[in-house]
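Throughout, residue positions are numbered sequentially from 1 according to the sequence presented.
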Amino acid sequence: MSVPLLKIGVVLSTMAMITNWMSQTLPSLVGLNTTKLAAAPPGVPDRSTGVLPANPEESWQVYSSAQDSEGRCVCTVVAPQQTMCSRDARTKQLRQLLEKVQNMTQSIQTLDQRTQKDLQYVQRMEVQLRGLETKFKQVEESHKQNIAKQYKAIKAKMEELRPMIPVLEEYKADAKLVLQFKEEVKNLTSVLSELQEELGAFDYEELHNRVSNLEERLRACMQKLACGKLTRISEPVTIKTSGSRYGSWMTDPLAPDGDTRVYYMDGYHNNRFVREYQSMVDFMNSDNFTSHRLPHPWSGTGQVVYNGSIYFNKFQSHTIIKFDFKTSTISKASQLDYAGFNNRYHYSWGGHSDIDLMVDEGGLWAVYATNQNAGNIVISKLNPMTLQVIKSWTTNHPKRSAGEAFMICGTLYVTNGYSGGTKVYYAFHTNSSTYEYIDIPFQNKYSHISMLDYNPKDRALYAWNNGHQVLYNVTLFHLIRSE
């Protein structure tokens with residue numbers, strides 16, 4: 001890039017030398033270096049820039065030399081009057097000199113054109129080089145960023161997988177334990193078969209103790225796998241389309257095997273009738289149901305059925321009522337101290353959803369908000385018999401900002417909305433009193449969820465989605481508790 005610029009410098013230097021020669025040496029060659037500037041006539045502006053001859057009638061005179069705006073040499077010549085002899089020797093010399101000047105002017109123009117072309121070429125090359133340099137820097141920075149991103153992603157994945165190593169070790173140990181159980185069951189089965197043939201061959205008490213011990217160990221192993229962390233929610237399965245935009249439906253997680261009754265409650269206030277369907281099949285395919293009339297209308301959609309009773313929030317109050325279906329009476333009622341009600345601390349969809357009752361593997365829960373906790377969610381574990389608060393946890397999540405919420409294994413999971421695109425993004429763990437932000441996709445098929453509850457027996461989420469009764473299967477990551 002420096003070579004063309006050097007050429008430009010040489011050209012400009014040459015032009016300066018020629019200009020200097022024409023302004024100083026040229027007048028001396030024709031004998032005009034001692035002439036004076038003639039004054040302009042009165043009233044006529046003086047626009048001359050050089051030296052005028054004292055007597056312009058005597059001979060040709062060069063009185064100025066300069067460069068024009070493009071750097072070319074310009075000479076101003078005063079010709080003698082017509083009466084002067086054209087064959088004068090000085091005239092011929094000056095004419096020859098002017099021809100030389102004109103030749104030099106043409107050479108300078110040619111050189112100037114070449115210089116301009118070189119300059120344009122250099123400028124274009126400079127722009128191209130700067131563009132290439134910028135692109136190279138961008139590619140280099142992009143490459144560094146991609147490497148950094150890939151490294152960060154790999155590192156994050158390693159950090160995510162690292163805690164699984166001890167869990168997998170636990171699974172290995174558990175698999176060995178299951179094999180031991182299989183061997184013991186096989187041995188006991190063999191012993192029982194022989195016992196049927198030879199009564200009295202073994203001591204019954206000893207055999208009974210062995211069976212009981214094995215049963216206890218199996219139950220302990222199953223309890224280890226009972227709970228886990230939510231990792232996935234399946235696509236929704238629509239069970240039925242009925243009712244208004246708001247409502248709730250559920251089954252009893254403590255119902256005995258074979259009892260698949262479904263309970264259905266349409267609306268969020270000014271209603272006190274609960275429909276009971278004998279099975280999920282009846283609920284899906286017929287309108288055969290038994291109607292239960294509650295002593296008070298309910299508030300919101302946070303009701304649950306648990307161990308043969310329905311628990312609900314009495315309308316326009318912070319009272320929790322336990323209603324026994326068998327006796328059709330209120331078996332217990334209790335006030336939830338400081339809990340907001342009457343649409344004060346509802347979910348973001350409204351609907352008097354101030355108090356949300358829930359059930360999980362650990363029992364009965366109430367989720368609400370209080371003034372003391374600045375409208376943020378409070379979680380209380382309830383005694384299902386007395387409705388007294390066993391323990392409470394305060395969170396930092398505003399109740400009004402939550403779309404819906406549900407409990408799984410002592411952890412409260414909160415959605416980021418109730419309409420449109422939805423996900424589970426907040427989890428509060430009561431076992432450690434800690435919270436975290438998560439990202440579990442949740443398909444909101446009908447764009448308005450007004451009820452979302454977990455059933456630990458079915459390992460499923462029950463939802464009321466804009467007049468549709470929907471089920472979601474959940475995937476839990478089981479953490480085996482080592483003894």
Side-chain angles (χ1 to χ4, degrees), residues 226-227 230 233-244 246-268 271-294 298 300-313 320-328 331 353 356-367 382 384-385 404-409 413 442 445-446 449-465 467-476:
C227 270
L230 179 66
I233 299 175
S234 73
E235 294 183 357
V237 177
T238 303
I239 303 300
K240 190 174 183 178
T241 301
S242 64
S244 64
Y246 317 95
S248 61
W249 71 295
M250 66 217 74
T251 59
D252 188 346
L254 292 186
D257 293 339
D259 185 350
T260 61
R261 284 179 290 178
V262 177
Y263 300 89
Y264 176 96
M265 304 171 73
D266 190 10
Y268 63 85
N271 193 350
R272 60 177 68 188
F273 289 96
V274 181
R275 295 182 183 180
E276 177 187 308
Y277 294 84
Q278 286 301 307
S279 66
M280 186 68 73
V281 175
D282 284 347
F283 176 68
M284 295 172 62
N285 301 321
S286 72
D287 284 331
N288 298 324
F289 59 84
T290 301
S291 183
H292 300 275
R293 187 179 187 275
L294 301 178
W298 65 77
T301 58
Q303 307 86 9
V304 293
V305 174
Y306 189 62
N307 199 21
S309 297
I310 184 169
Y311 297 78
F312 67 95
N313 174 211
I320 307 300
I321 294 178
K322 176 184 178 183
F323 180 82
D324 191 335
F325 282 127
K326 289 183 178 180
T327 62
S328 297
S331 57
S353 54
D356 192 1
L357 300 174
M358 307 175 182
V359 170
D360 73 347
E361 291 82 356
L364 181 65
W365 304 81
V367 173
L382 302 181
M385 300 300 295
E404 266 290 344
F406 53 91
M407 295 287 297
I408 297 180
C409 296
Y413 294 95
F442 176 66
K445 187 173 183 179
Y446 302 107
I449 294 178
S450 59
M451 169 258 176
L452 189 63
D453 271 335
Y454 172 70
N455 187 308
K457 183 179 180 180
D458 301 336
R459 291 282 174 89
L461 291 173
Y462 285 63
W464 190 290
N465 194 340
H468 300 79
Q469 291 72 53
V470 179
L471 282 178
Y472 298 84
N473 290 321
V474 298
T475 301
L476 304 181

| request: Taking side chain to side chain donor-acceptor pair (under 3.5 Å) as the test, write out the residues that go with Tyr446, two or more places apart. | output: Thr238

| Is a side-chain N or O of Thr301 found less than 3.5 angstrom from the main chain of Ser450, in a donor-acceptor match? | yes

| query | At their closest point, which heavy atom of Met250 faces which heavy atom of Gln303, and how far apart are they? | reply | SD-O, 3.6 Å

| For Ser242 against Gln469, the heavy-atom pair lying closest together | OG-OE1, 2.9 Å

| request: Would you indicate whether the side-chain heavy atoms of Ile449 and Phe442 approach each other to under 4.5 Å? | output: yes

| query | Ignoring hydrogens and geometry, is there a side-chain-to-backbone donor-acceptor pair from Trp464 to Asp266 under 3.5 Å? | reply | no

| Can any side-chain N or O of Tyr413 pair as donor or acceptor with the backbone N or O of Leu230 at less than 3.5 Å? | yes

| task | Check salt bridge (Lys or Arg N to Asp or Glu O under 4.0 Å) between Lys240 and all other residues, then give those that pass, not counting sequence neighbours. | result | Asp287

| request: Find out whether Asp356 and Glu404 are in side-chain contact, i.e. whether some heavy atom of one side chain is under 4.5 Å from a heavy atom of the other. | output: yes

| query | Would Asn288 and Asp282 satisfy side-chain contact (heavy atoms from CB on, under 4.5 Å), going step by step from the backbone distance to the final call? | reply | CA-CA 7 Å; Asn288 298 324; Asp282 284 347; 5.5 Å; no

| said: Please check this pair: side chain of Asp360 against backbone of Cys409, looking for a donor-acceptor N/O pair closer than 3.5 Å. | reply: yes

| request: In sequence, state the C-alpha distance, the side-chain angles, and the governing distance for Ile239 and Phe283, and then conclude on side-chain contact (heavy atoms from CB on, under 4.5 Å). | output: CA-CA 9 Å; Ile239 303 300; Phe283 176 68; 4.0 Å; yes

| remark: Interatomic distance, OG1@Thr327 vs CZ@Phe325, rounded to 0.5 Å, equals 10.5 Å

| request: Please name the pair of heavy atoms, one in Lys322 and one in Pro384, separated by the smallest distance, quoted to 0.1 Å. | output: NZ-O, 3.4 Å

| Does the side-chain contact (heavy atoms from CB on, under 4.5 Å) test come out yes or no for Leu461 and Leu452, once each step is laid out? | CA-CA 7 Å; Leu461 291 173; Leu452 189 63; 4.2 Å; yes

| request: Compare every heavy atom of Ala405 with every heavy atom of Met358, then report the nearest pair and how far apart it is. | output: CE-O, 3.3 Å

| query | Does the side chain of Leu294 come within less than 4.5 Å of Asn271's, by heavy atoms? | reply | no

| query | How many angstroms lie between atom CH2 of Trp365 and atom CG of Leu382, to the nearest 0.5 angstrom? | reply | 9.0 Å

| request: Look up atom OG in Ser244 and atom OH in Tyr268, then write down how far apart they are to the nearest 0.5 Å. | output: 9.0 Å

| message | Whether the side chain of Trp249 engages the backbone of Met265 through a donor-acceptor N/O pair (distance < 3.5 Å, no angle test) should be reported. | response | no

| query | Is the backbone N or O of Thr290 less than 3.5 Å from a side-chain atom of Glu276, with the two atoms forming a donor-acceptor pair by type? | reply | no

| field | Short side-chain to backbone donor-acceptor contact, Asp252 and Gly308, under 3.5 Å | value | yes

| task | Give a yes or no on whether a salt bridge exists between Lys326 and Asp324, defined as a side-chain N under 4.0 angstrom from a carboxylate O. | result | no

| message | So, taking the atom named CZ in Phe312 and the one named CG in Leu357, what distance separates them when rounded to the nearest 0.5 Å? | response | 10.0 Å

| field | Any Val305 side-chain heavy atom under 4.5 Å of Val274 side chain | value | no

| field | Side-chain donor/acceptor of Tyr264 to backbone N/O of Gly243, under 3.5 Å | value | yes

| field | Centroid-centroid under 6.0 Å between Tyr454 and Phe406 rings | value | no

| request: Would you give the length of the straight line joining atom CD1 of Ile310 to atom OG of Ser248, rounded to the nearest 0.5 angstrom? | output: 7.0 Å

| request: State the CZ-OG1 distance between Arg459 and Thr475, to the nearest 0.5 angstrom. | output: 10.5 Å

| message | Which residues pass the side-chain contact (heavy atoms from CB on, under 4.5 Å) test with Asn455, not counting sequence neighbours? | response | Thr251, Pro253, Lys457, Asp458, Tyr462

| field | Least distance between heavy atoms, Tyr306 atom then Gly363 atom | value | OH-CA, 3.7 Å

